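For reference, the structure discussed in these notes is given below.
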Amino acid sequence: MTASITRRLLLGAAMALGLAGAAAAEYPDRPITLVIPFAAGGSTDVVGRIVAERMSQELGQQVIVQNVGGAGGSLGAAQVAKADPDGYTILMATVATHALNPLILKQKPYDPVADFAPVSLLVLVPNVLAVNPELPVNTVQELIDLAKAEPLAYASSGNGTPLHLSGELFKAMAGVDITHIPYKGSGPALTDVLGNQVPIIFDNLPSASGHIASGKLRALGVTTAERAPSFPDIPAIAETLPGYETYTWNALFAPAGTPPEAVEALNKAALAAMADPAVAERMKEFSATIVASSPEELAEHVKAEMAKWEPVVRDANVSLD
């Protein structure tokens, strides 16, 4: 074989390797699946679909929503934790999937830190403490005083949910003992509170907002540290109980081991989506506050949330099989 032929072969091989490397570096080159670990129609599903639509434009590939409900979000989260770490399967996570379930479930289907690559914290959604208007209280302090004088009960969307634990944190900080009545979802809980079967509820603000606006529910306080822009007349519970703060949050995660360049591309697309004025306007419809973080900031957020909720879960003796 002549030297010139050898050089041409080596050059051809180098070019082929270069082209292959360039092709491999182009992410994404096919659709991405966004697993939403709850049924369609809830606030996480709404946020996920808004974000997926806008990220599709940024990435040049469709982000396809797949609802995988069950076990308080754990089924969908476990599916993503076990998916190929190639950047083509991602999770719309919540405080339930990445802070509460790992503390509450006796059987741990995944590790919220070790099994995931953080992408971005997206939004915070307030919860609200509300009562049936027949209950003779108009403020958080009046509710605390009444709870110290007579037995009361509060409804939530279920055992171990963020709304249940919002109530448990309230009880601990206010020094009251209000009985928890769990329901299978916010809908049945709201029905009984509207019918005055149970006088008090902790619910997502978007879910309860229509009843609050109509006067069928009396809102005493939002659970975020500051008042919700969509309901500025509702005080924050923290105005009565300094330091009280809970909320539902949504964030994007990929499986652990996802290539850094894929995580970076997903993060950039998420940040662009959340910076879009049209997206911001849609988020305002259900009082969501846009955060849009770096992967590192999301990792710290998860650690802080688990540290915050661990004593609440322990002291309330909450556990699920």
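Source: prediction; values computed, not measured. The first residue in the sequence is number 1, and the count goes up from there.
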I want to check something: taking the side chain as every heavy atom from C-beta on, are [X] and [Y] in contact at a cut-off of under 4.5 Å?
X    : Y    : result
I90  : T33  : no
T223 : L129 : no
L143 : L152 : yes
L220 : T139 : no
V68  : P37  : no
P295 : V119 : no
V131 : P199 : no
N159 : H180 : yes

E53 and R49: CA distance, side-chain angles, deciding distance, salt bridge (charged side-chain N to carboxylate O under 4.0 Å, His left out) verdict: CA-CA 6 Å; E53 180 182 1; R49 291 177 186 276; over 6 Å; no
Can you see which heavy atom on [X] is nearest to which on [Y], and at what distance?
X    : Y    : answer
S319 : K106 : OG-CE, 3.6 Å
A262 : G87  : CB-CA, 4.3 Å
A269 : E58  : CB-CB, 3.9 Å
S166 : T246 : OG-OG1, 2.9 Å
L298 : P118 : CD2-CB, 3.8 Å
A96  : G72  : CB-O, 3.9 Å

L146 and L135: CA distance, side-chain angles, deciding distance, side-chain contact (heavy atoms from CB on, under 4.5 Å) verdict: CA-CA 10 Å; L146 183 63; L135 194 71; 4.0 Å; yes
Those residues that, when tested against N132, pass side-chain hydrogen bond (donor to acceptor under 3.5 Å, both in side chains) (two or more places apart):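 Applying side-chain hydrogen bond (donor to acceptor under 3.5 Å, both in side chains) to N132 gives none.
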Using atom types as modelled, flag every donor-acceptor pair under 3.5 Å from a side chain in residues 270-289 to any protein atom, sequence neighbours excluded.
unit_1	atom_1	unit_2	atom_2	d
D276	OD1	A278	N	2.8
D276	OD2	R54	NE	2.5
S287	OG	S230	OG	2.1

Tell me whether [X] contacts the main-chain N or O of [Y] through its side chain, where contact means a donor paired with an acceptor under 3.5 Å.
X    : Y    : answer
N267 : V263 : no
K108 : P102 : yes
E142 : N138 : yes
T258 : A254 : no
S293 : L121 : yes
S156 : G158 : yes
T89  : A83  : no
K171 : V176 : no
T97  : A93  : no

CD/E226: more than 12 non-hydrogen atoms of other groups inside 6.0 Å: no
Pairs flagged by ring-ring contact (aromatic ring centres under 6.0 Å, His included) wherever residues 45-104 is involved - sequence neighbours left out: Y27-Y88, H98-F116, H98-F253
Ionic contact status for D86 with R30, cut-off 4.0 Å: yes
Report yes or no: do [X] and [Y] form a side-chain donor-acceptor pair below 3.5 Å?
X    : Y    : value
N204 : S186 : no
T44  : N250 : yes
Y154 : E168 : yes
H164 : S157 : no
N67  : D45  : yes
S207 : D203 : yes

Can you tell me how far [atom2] of [Y] sits from [atom1] of [X], rounded to the nearest 0.5 angstrom?
X    : Y    : atom1 : atom2 : result
I32  : M55  : CD1   : CE    : 6.5 Å
R218 : E134 : CZ    : CD    : 10.0 Å
D145 : Q141 : CG    : CD    : 4.5 Å
L103 : L320 : CG    : CG    : 11.5 Å
L59  : L266 : CG    : CG    : 6.0 Å
Y110 : S74  : OH    : OG    : 4.0 Å

Could you go through residues 300-309 and list every donor-acceptor pair under 3.5 Å that involves a side-chain atom there, pairing it with any protein atom two or more places apart or in another chain?
unit_1	atom_1	unit_2	atom_2	d
H301	NE2	W249	NE1	3.3
E305	OE1	W249	NE1	2.8
K308	NZ	E245	O	2.3

Remaining members of hydrophobic cluster (4.5 Å side-chain criterion), V193: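 Once heavy-atom contacts under 4.5 Å are chained together, V193 belongs with V128, I181, Y183, L190, L194, V198, I201, L205, I212, L217, V222, F231, I234.
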ring-ring contact (aromatic ring centres under 6.0 Å, His included) against F170, all qualifying residues, sequence neighbours excluded: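 Partners of F170 by the ring-ring contact (aromatic ring centres under 6.0 Å, His included) criterion, ordered by chain and then number, come out as F202.
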